[in-house]
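Keep in mind it's a predicted model, so treat the numbers as computed, not measured. In what follows, every chain begins at residue 1, and chains take the letters A, B, ... in the order their sequences are listed.
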Amino acid sequence: MDDSSSHDGSDSIDWNTEDELEITNILSPSSASMSTTTNAAVTTELRESSSSSGYPSKIVNDFIKMGFPEVMVTKVISELGENNADAILDTLLTYSVSFSYAFSLCLFDYIHDYKALQIVDEIPQQENRPSQENRPNDQNINPQSNFENEFSDFDSDFSDEDTDESSEKDDPEVSLIDMGYSPEEASAALKRCGKDAPLSELVDFISAAHVSKAADAEMDKLYFTSHIPKKDKKSKLQKGKNCSKIENTGIKINRKRSYDDVDDALHLPNPMIGFGVPRFSCQVVNRDLPKEAIGPPYFFYENVALTPKGVWATIQSHLYEIKPEFVDSNFFCAAARKRGYIHNLPLENRFPIQPLPPRTIFEALPETQKWWPSWDERVQLNCVLTCIGSAQLTDRIRIALDKCDGEPNLHVKKYVIGQCKKWNLVWTGKNRAAPLEPNELELIMGYPINHTRGVSRSERYKGLGNAFQVDTVAYQLSVLKDLYPEGINVLSLFSGIGGAEVALHRLGIPMKNVISVEKSEVCRGIIQGWWEQTNQKGNLIHISDVQEVTDRKLEGWIRSFGGFDLVIGGSPCNNLAGGNRRTRDGLEGEHSSLFYDYVRILNTVKCIMGSN
DNA sequence: GAAACCATGATAACTCGT
DNA sequence: ACGAGTTATCATGGTTTC
């Protein structure tokens with residue numbers, strides 16, 4: 001469909017026309033060095049535009065055009081000045097998370113007077129903020145190393161102001177009440193955060209409590225309320241398919257719904273931050289898990305968020321009705337990755353792997369900045385997939401751009417940007433948009449560089465495209481560190497390239513025994529290589545087929561190890577993923593139905609451990 | 001209507017053992 | 001040189017949500 005637009009013939013541009021002369025010219029080093037538009041990076045463009053006078057300045061408009069709210073742009077620019085576009089962009093990117101979250105809260109009608117928005121609005125009015133000259137750290141933000149400080153910069157801004165207010169410093173409870181919070185809320189926040197906590201943290205806590213309460217109510221309302229679908233066209237997935245496989249297995253299923261009553265739309269959270277992400281301490285710290293779901297063993301299940309209708313409802317129904325935690329990894333790294341996680345892990349005191357990974361394209365891939373066109377406004381990548389754009393596509397893009405004298409027209413821009421987003425291309429030369437290299441994907445996905453080295457290029461892309469984003473998963477698993485200081489026994493299903501193992505290792509959680517179930521020999525080799533290279537002390541046992549994980553074997557392992565502390569895995573998404581044109585058959589598809597083996601194994605483990 | 005999406009399969013090109 | 005197996009390359013929509 002996307003490509004058809006390039007053949008419509010309605011435009012003067014013929015995307016498929018080969019022009020060898022132009023290609024030759026562009027490929028020559030001299031022509032590349034002659035580029036007059038080398039200051040193509042967004043921030044460079046903005047930096048140049050910022051020198052112009054007038055209000056609102058071009059830089060303000062440019063950031064607004066990038067999608068940032070005007071109030072936020074003007075606030076940040078008033079903070080940082082117009083001369084440091086990098087810092088402005090970084091701050092906006094991070095702050096937008098907070099802002100959009102706050103904005104989304106407006107959806108909950110009973111917190112219409114949400115205080116965080118008041119805080120946001122108040123910021124530009126405050127005159128006693130530290131000047132840019134007094135904040136050298138903000139002036140020279142190093143995109144390579146300072147990312148982790150972004151949000152704390154904002155927090156510290158609040159804190160600085162707080163300390164200027166002696167009354168607040170003396171009695172934060174009074175300050176909170178003055179801000180409109182109830183005495184109960186203020187008291188609870190102080191009890192939870194401590195009396196010395198900065199005001200911003202206290203506000204955050206109260207906001208989080210609001211969110212928790214609102215989200216619970218809203219989620220209950222949204223998840224499974226039935227409505228009549230408006231579309232006439234029936235999904236090929238939603239009707240007439242039952243979980244015959246499960247029923248045949250005889251496994252006890254906590255099934256409350258059929259497909260017929262779960263075909264309503266799943267409302268994914270926006271922003272997709274689950275129970276909270278780093279830099280935004282808006283966490284739901286308590287949730288009521290069903291008794292039978294409470295660990296140990298802890299379990300952690302993952303799959304794509306954007307499934308055909310009804311899939312997550314079915315998954316949830318087989319996993320103790322625990323609501324999925326939907327998180328987009330773009331809050332952790334430079335690429336989007338919208339995933340749902342169902343787990344019974346505690347939510348309190350999560351922490352991310354340090355240092356926090358780069359979260360923008362320029363920070364992750366600084367060499368691309370040199371070639372980045374000003375009109376490509378992407379600051380993060382789309383989801384890492386299992387295959388990459390073709391070399392011919394890169395050629396088509398280059399030819400199209402070469403034909404333009406100076407900045408391309410809107411039609412060309414639209415085509416190029418569309419393809420860049422679709423295929424996650426980055427700028428690696430003049431008019432050259434190319435796919436990411438495997439080692440770049442390893443960086444973005446949180447794996448050691450060369451983690452997948454030694455296998456074919458296709459296998460590397462496939463493995464990484466199917467993998468956990470390590471930082472995202474690690475954040476959720478981090479609570480295990482205090483629970484199991486001596487290490488854990490892990491049953492890792494559908495291990496892939498070992499995302500769970502890498503996450504635990506990077507968290508500093510020792511693995512005593514790992515049963516790793518993975519069909520692909522290539523992936524098993526990658527895990528084994530990593531296991532040896534990182535000098536793991538524990539035992540790693542490979543199982544090639546999930547069907548080999550029988551009750552008897554589970555019983556043997558449990559008797560031998562004393563039980564599994566964590567059952568973790570993301571079952572195949574092949575038949576769920578939006579990229580699948582041919583066999584997106586839903587949870588009953590050839591590959592994705594292996595989810596039921598996850599359920600089977602988890603139930604067996606719990607049963608054996610419970611009886612012990 | 002725009003945007004996004006842990007993909008699949010056909011075929012060409014390549015590798016390697018005989 | 002041959003052939004089997006492996007790897008690289010490319011084109012291919014549709015569902016879902018906002």
Side-chain angles (χ1 to χ4, degrees), chain A residues 1-7 15-16 67 100 104 107 222 229-231 233-238 263-272 301-312 326-330 335-341 378 380-396 414 417-424 435 438 441 444-445 455-470 472-473 494-497 499 520-523 569-586 589-592 594-595:
Chain A
M1 180 189 289
D2 301 291
D3 295 331
S4 65
S5 61
S6 62
H7 305 297
W15 305 111
N16 290 324
S100 57
S104 72
L107 297 174
L222 290 175
K230 292 177 182 174
K231 293 180 182 177
K233 189 177 180 181
K234 294 280 185 182
S235 164
K236 67 177 178 178
L237 308 167
Q238 59 187 248
D263 61 354
D264 48 333
L266 177 66
H267 294 260
L268 296 168
N270 183 21
M272 198 180 280
Y301 175 80
E302 178 262 11
N303 216 317
V304 292
L306 299 166
T307 62
K309 287 181 180 178
V311 166
W312 271 107
F326 290 106
V327 182
D328 191 334
S329 291
N330 67 359
R337 202 167 187 80
K338 296 175 182 63
R339 295 293 180 269
Y341 306 90
R378 291 175 298 158
Q380 288 189 301
L381 294 162
N382 280 336
C383 186
V384 172
L385 304 177
T386 56
C387 57
I388 61 171
S390 67
Q392 288 193 12
L393 174 61
T394 295
D395 264 356
R396 285 198 292 269
K414 190 175 178 183
I417 293 294
Q419 294 299 311
C420 285
K421 287 181 176 177
K422 181 178 177 182
W423 293 103
N424 250 353
L441 293 179
I444 289 168
M445 295 291 285
V455 304
S456 76
R457 198 174 161 83
S458 305
E459 291 286 356
R460 294 182 76 178
Y461 282 119
K462 190 177 173 185
L464 286 160
N466 282 318
F468 286 169
Q469 204 290 323
V470 169
T472 311
V473 171
F494 317 108
S495 301
I497 60 172
S520 162
E521 186 177 359
V522 167
C523 289
S571 61
C573 68
N574 310 36
N575 308 117
L576 310 177
N580 189 344
R581 292 149 164 75
R582 295 171 182 269
T583 57
R584 199 184 187 198
D585 301 328
E590 178 187 358
H591 306 286
S592 295
L594 290 174
F595 159 73

(request) Provide, to the nearest angstrom, the distance between the CG atom belonging to A/N424 and the P atom belonging to B/dA4. (result) 10 Å
(message) Checking A/R460 now: which residues fulfil side chain to side chain donor-acceptor pair (under 3.5 Å) with it, not counting sequence neighbours?
(response) A/E442, A/T452
(message) From CG of A/L576 over to P of C/dT17, roughly how many Å is that when rounded to an integer?
(response) 13 Å
(message) Using the ring-ring contact (aromatic ring centres under 6.0 Å, His included) criterion, which residues pair with A/Y461? Sequence neighbours excluded.
(response) none
(message) Run the side chain to side chain contact (heavy atoms under 4.5 Å, CB included) test against A/S458 and tell me which residues pass, sequence neighbours left out.
(response) A/S456
(message) Just to be sure I understand the rule, does A/E302 reach a base, reach only the sugar-phosphate, or reach nothing, if contact means heavy atoms closer than 4.0 Å?
(response) base
(request) Only counting residues at least two apart or in another chain, list the ones meeting side chain to side chain donor-acceptor pair (under 3.5 Å) with A/N466. (result) none
(request) Using heavy atoms to find the nearest nucleotide of DNA chain B for A/K414 and A/G578 separately, return the residue whose nucleotide is more 5′. (result) A/K414
(message) Over all strands shown, is A/C383 touching base, sugar-phosphate only, or nothing at heavy-atom distances under 4.0 angstrom?
(response) sugar-phosphate
(message) Wobble G-U and Watson-Crick pairs count when both distances are under 3.5 Å; given that, what is the 5' to 3' dot-bracket string of DNA chain B, with | for pairing to other strands?
(response) |||||.||||||||||||
(request) For A/L306, check side chain to side chain contact (heavy atoms under 4.5 Å, CB included) against everything at least two apart and list the hits. (result) A/L268, A/K338
(request) Please tell me which of the listed nucleotides, C/dC10, C/dC18, B/dT8, lies nearest to the side chain of A/L268? (result) C/dC18
